[in-house]
Amino acid sequence: MSYRKGSKVWVEEKGEGWVEAEVVEVKDRAIVMLTSHRKKITVLAEKCLPRDTDEDLGGGHVDDMTKLTYLNEPGVLYNLKRRYALNEIYTYTGSILIAVNPFTRLPHLYNEYMMEQYKGVRLGELSPHVFAVADASYRAMVNDSRSQSILVSGESGAGKTETTKFIMQYLTYVGGRAAIDDRTVEQQVLESNPLLEAFGNAKTVRNDNSSRFGKFVEMQFDANGRISGAAIRTYLLERSRVVQINDPERNFHCFYQLCASGKDAELYKLGHPGSFHYLNKSKTYELEGTNNEDEYWKTKRAMDIVGISRNDQDAIFRILAAILHLGNIEFSPGKEIDSSKIKDPTSNFHLQMAAKLFMCDPDLLVSTLCTRAINTLEGAIIKALDCSAAAANRDALAKTVYARLFDWLVENINKSIGQDVDSKVQIGILDIYGFESFKNNSFEQFCINFANEKLQQHFNEHVFKMEQEEYKSEKIDWSYIEFIDNQDVLDLIEKKPIGIIALLDEACMFPKSTHETFATKMFRNFSSHHRLEKTKFSETDFTISHYAGKVTYQTESFLEKNRDYIVAEHCNLLSSSRCPLVSGLFGTLPEESLRSSYKFSSVASRFKQQLQALMETLNSTEPHYVRCVKPNSVNQPQIFENQSVLHQLRCGGVLEAVRISLAGYPTRRTYAEFVDRFGVLVPELMLGSYDERALTKGILEKMKLDNFQLGSTKVFLRAGQIAILDMRRAEVLENAARHIQGRFRTFITRKEFVKTREASISIQAYCRGCLARKKYMVKRETAAAIIVQKYVRRWRLHRTYQQSHSAALLIQSCIRGFIARRYFSVIREQKAALVIQSLWRKRKVIILFQQYRQATVAIQCAWRQKVARRELRRLKMAANEAGALREAKNKLEKKLDDLTLRLTLERRLRAAGEEAKSVEILKRDKLIESLSAECAAAKSAAQSEHDKNLLLQRQLDDSLREITMLRSSKIMTAEAERENSNLKNLVESLSKNNSSLEYELTSARKGSDATMKKLKDVEGKCNHLQQNLDKLQEKLTNMENENHVLRQKALNMSPLNNMPMTTKAFPQKFATPIGLPNGEQKHGYETPPPAKYLASLPQSLTRSRRTRMPVERQEENHEILLRCIKENLGFKDGKPVTACIIYSCLLHWRAFESERTAIFDHVIEAINNVLKGEEADGRLPYWLSNTSSLLCLLQKNLRSNGLFATPSRRSGGTLGIGDKIVQTLRSPSKLMGRSDNLGQVDARYPAILFKQQLTACVEKIFGQLRDNLKKEISPLLSVCIQAPKSSRAQPGKATKSPGIGAQPPSNSHWDNIVKFLDLLMDTLHENYVPSFFIRKLITQLFSFINIQLFNSLLLRRECCTFSNGEYVKAGLSLLEKWITDATDEVIHQKRKKKLEEIRNELCPNLSVRQIYRICSMYWDDKYNTQGISNEVVSAMREEVNKDTQNLVSNSFLLDDDLCIPFSTEDLSIAIPAIDYVDIELPESLHHYASVQLLLKHHDPQPV
């Protein structure tokens, strides 16, 4: 490809992978470029890759790699990097999802609301997300009834486990299986992870927690798409790691955890891992940031969770300890040739411990390790093994035991989760180790990379299939496109009879074979294979060119790690174990195995078979791919290491998918996008309306390009063709820029000349002005000097005068002050004497007043107490009479069956009860008399104390009189001045006497108060005893009344059985509060005990029987109301006929005044049945109008009549439902300002409850109508949200090509919404829905539109563009015009906000996360202007990361408001009163007898 000066390219750099550069000079074959680091380099043109010139516009990133202009390695890398910087961790490559680990919490991406957004949405419709892949697999499974698989790959730390968790979380959400033991299937699978990680994960060179097995989580579903079970399948466990590891790797985690377990390790005779042969081959025993002891207890806790018993746990750890002891057994040559024995006492100790832990015979264990049996026709031949064969036999036993233990753990985990064996469809989630390439690669890396080659072939087939499907859907020719496959690598590894695995198995069968002979034979057979290379510095190492790059393998340990033996002696040994778990791991061997006690088994061949089984499982499912990427090795957020990510993209097959795309048509654009970008190349064809497909073809033909394909909606270009178009486009834009620059320079020069000329004229005028102003200033200064001199002289004279005047005033004021102060001191002494006298007289009067007031208060309290008791008795009697009939009826129904028994018992117990009560009354009378005596004694003591107080008060008064006389004599006589000192002494003595008297008075008052307190306590006890006596008398009266009622009931049993159904309907339905839980029902309508009013029961029952309706009349009333509700009676003068007739009938039948009636229940039930019918949605406005009108009539014409005036006894102080009903009844009339009760009806409890039920019915109808409208408008709104993408294909669209005027986009979709709103308004007006409801309905509907539009901007990047903003703005202007045309009674239009108001009001209401989301998603797709700067976006990202922990909800989406936006008080205020008098009955109801009076009288007042 040729480059020109100014071209933007990618150039490869060692440290960064790829860097941005710009061509500054073009030579013959080399080009000179300036990198982003401001470094000049010279490279060959073939070493560079083209870069999109417009990549910095539109946010600089795309959510699907296939949308990249240049689909190449650096383009993919830097697109991921830019998205990662914006916390956009998910990116598509076609149907493949790439997930970059953010290493931080992003809870807003995984909440339930986000799952709801992706539910049922086509893949690619919303921003990339793991939920989209999970939903695509679930929908494909449900629609096609075919099992699905999701392959999650990536190296350890890339987030595979978290991704798997989110996938299972979403499948649990849409699958909807209930939790078992408060744990979902997802939780149960995840709780098994610590256990599987302990036994299946180990440290490798690159990762500290690498999975050494493949995990396939199978979510099982029933025919209805509900989760019915789950299972975990494991594949390809790396068994050889148990006996052989390389430094600095580690064995499986469970061994190190057991060695660090403390007491448990001592129990199993374990110590430091360095003392065990299987662990000390590597010097790495600890992991940074991990405590082995803590991990041990986590593993045990995981065992408890999955249901492994304590005995089995002990057996598991015994097996692990036995394996470690087994590895420490060493062998030495025996007495015979080629025999072996236990080497030393240390080895013998480990042998004994292994046998003890396995619970088997030690001698049998020695025999199993050192000999083997060969079965022949003559019998078994025992052959001794040499030291190396015995060691291999030991290692084979350790690997076999560990592998079977791991399989047993997986089986128990599956039992804990619960499998559905009858499930026909599943979704499998595969989590398997990724491609590995280390400095030293051994047999394990060879097997792992072989598995990844297999999976990559499956992946390549899927990618190619997706390419084919897109080509087919676009109807283009693709037959000549070559499929890039890696079958040659797979044949090299697994093909029979000559493949690496086959050659390895062959070498292992010969005891004398070594890795040198294996390598020699391999190089001889594959000398010409282009995928296999021989290394330069080693005769045995070989290099395979994998899809992810070349990997060099060291063959030193290939043969040892591949050898595995199925030894019958091992199975016989461990099946004889006394431990049930150990013996259960080794069942009965098949007959073939018994014939040969020492059968060779190839690890590589078994690995290949398991891999083949996995591939068969995957081939039977529809695959979906998630590639997890670890952005850095330090596990820190916002760090992106290019080299590491590139390596993972190669290993994950993403770049291989890019290579497959490059083999076909890597560049594909919709016709609208292609014309928008390259329409500038043919401006002559852009005039007026045009066909975009034909225009695209014209552009490509003009550029003389071939091998392109025109599909149904897209144009497909071969690799490199888009670069040619971009180069030509850049030339056209540069020429246009030069022309614009020339015109702009002319304009600037002309503008500078005009400014210079205007400046010279201004300078001249300024100079002339300066001269004139200078002359004027000289004249003004001369005049000012004269004026200043005049004012200075005046100031000096004035200052002298002021000083003299001030001195005179100061002397006069000092003399006058001295005289005044002397006079004032005399007056103050006289006034002080008068004040002392007045205060002393006031003190005497106050004391006397307080005594009189205390006496008065005591008398008043006694009188009020007496009046209050009398009033309390009256109120109790009144309260008991209110619910007598209802409670009596309930009492009678409960005791009807045992009436005869009760009467008999009452006769026997009455005499005994009367005697006991009389004895108790006599005891209480004696107690009252004793307490009365104590009360009289206390009163006499208080009276004596009071007399003492009076005596002390008289003495105090006498002393005060003496003081007054002495002071008056001192003032009146002059002779008393000589005796002043004597009088002062006398006054002091009297003061002391006075103080002592006051102290005695205070103590006397305290004693009096204590006496009064005791008296009150005694009086309280008396009152309490009196209350107990009253209660006993009341119980006696209740029992007598109950006996009387039971006798009366026995006499009238037959009439009671014939009572109408209405007498039972009320207590059965409304005896407890409606809608309250069982624990709170006692706070509702509570009725007092029936024993207080049963005396008047016979009269009440007689009156109710005399006034009740016949059953036939009641059924006729129900039929009338049912016909009114089922038929559409319409409206008259804007008033709903049905509501008015129902209210008139209920009023005429006195239903509101009835204590018990079921007619209200029939009305509510009939309305609910109508709303459940097939045409219920169409009748919602009709019934909203009727129910609201009926509710308005009830609110304005019913009054509670003091039904709840008497407070009922409730436990606690909570507000019962009765109080709420009273508040509901009273508040509307207060708000309306009604002061009279004229025309109102006294409502009983059923009527009040009916009003509450009707209120709930109105709210239900309103909510149902609102939800239906949202469902109907959602498809229209979704079309509007996606309209900009589809509208580009229409002729006459807006264009950004130069010289062409913009045409407004089509608003046909918004017109559909306007038509929908018009139809809605017509429907509401036809049914005379009150304007109050219309306003609330339209407000919530527009709020829903706002929420959906805002969320679409934040979820769809293609919607968050400049052109889409213009389109939405045009559509919203239509809705605004519709609001303007609507009348004020429908909706109140808000005034337009100014820019400053938007800044001050709207932006502060948005959260930081929402603003950050908008800034990171927005891009200008029309004018390609620069968006928000990277510095601002980075600052906002830091704020978002800081606020993540503080926010209650981290979601950036808005939630829909589902509340009911009005209350009962709002309805009573907003809905006008309805006159129901002039509503005539329909002819269909005239033949009923119950409504004849309504036909004669239009006024339906009670008769």
Side-chain angles (χ1 to χ4, degrees), residues 54 58 62 64 66-69 124 469-478 664-718 720-733 736 1279-1312 1358-1359 1361-1368 1370-1371 1420-1424:
D54 296 335
V62 295
D64 193 342
T66 58
K67 296 179 182 178
L68 288 172
T69 305
E469 289 180 357
E470 183 169 8
Y471 294 155
K472 286 181 180 179
S473 65
E474 292 291 331
K475 301 177 182 178
I476 67 171
D477 183 18
W478 56 274
Y665 296 97
T667 304
R668 54 203 73 174
R669 292 285 184 274
T670 62
Y671 293 122
E673 293 173 349
F674 187 85
V675 170
D676 281 346
R677 186 175 178 86
F678 300 109
V680 295
L681 301 179
V682 286
E684 66 277 3
L685 300 179
M686 299 287 289
L687 299 174
S689 301
Y690 52 83
D691 179 45
E692 291 179 338
R693 191 175 189 276
L695 183 59
T696 301
K697 186 176 181 182
I699 294 172
L700 294 173
E701 290 177 349
K702 184 177 180 180
M703 296 296 104
K704 299 180 181 179
L705 298 177
D706 53 4
N707 286 337
F708 62 85
Q709 294 274 358
L710 297 178
S712 301
T713 60
K714 296 179 182 178
V715 56
F716 293 79
L717 302 178
R718 301 287 286 183
Q721 291 181 340
I722 194 72
I724 298 173
L725 291 171
D726 274 340
M727 187 181 300
R728 179 57 185 154
R729 176 175 176 268
E731 293 176 359
V732 172
L733 294 179
V1279 173
C1280 291
I1281 293 171
Q1282 302 172 11
K1285 295 193 295 184
S1286 58
S1287 63
R1288 291 184 185 136
Q1290 302 298 329
K1293 59 174 278 301
T1295 179
K1296 59 182 181 182
S1297 302
I1300 308 298
Q1303 301 177 8
S1306 173
N1307 288 324
S1308 59
H1309 300 297
W1310 292 98
D1311 291 336
N1312 293 335
E1358 63 271 15
C1359 292
T1361 61
F1362 181 84
S1363 61
N1364 193 71
E1366 288 185 326
Y1367 182 84
V1368 173
D1420 187 355
D1421 61 334
K1422 189 169 184 180
Y1423 300 107
N1424 289 333

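Expressed to the nearest 0.5 Å, how far CZ of F674 lies from OG1 of T696 amounts to 5.5 Å. Atom-to-atom distance recorded for D676:CG and T670:OG1 is 8.0 Å, nearest 0.5 angstrom. Remark: M703 CE to L725 CG distance equals 7.0 Å, nearest 0.5 Å.
By the salt bridge (Lys or Arg N to Asp or Glu O under 4.0 Å) test, K697 pairs with no residue at all, sequence neighbours left out. By the side-chain hydrogen bond (donor to acceptor under 3.5 Å, both in side chains) test, E731 pairs with R728, sequence neighbours left out. Partners of F708 under the ring-ring contact (aromatic ring centres under 6.0 Å, His included) rule, at least two apart in sequence or in another chain, do not exist in this structure.
The backbone N or O of V682 sits nowhere less than 3.5 Å from a side-chain atom of K702 that would complete a donor-acceptor pair. No donor-acceptor pair under 3.5 Å is formed between the side chain of Y671 and the backbone N or O of S712.
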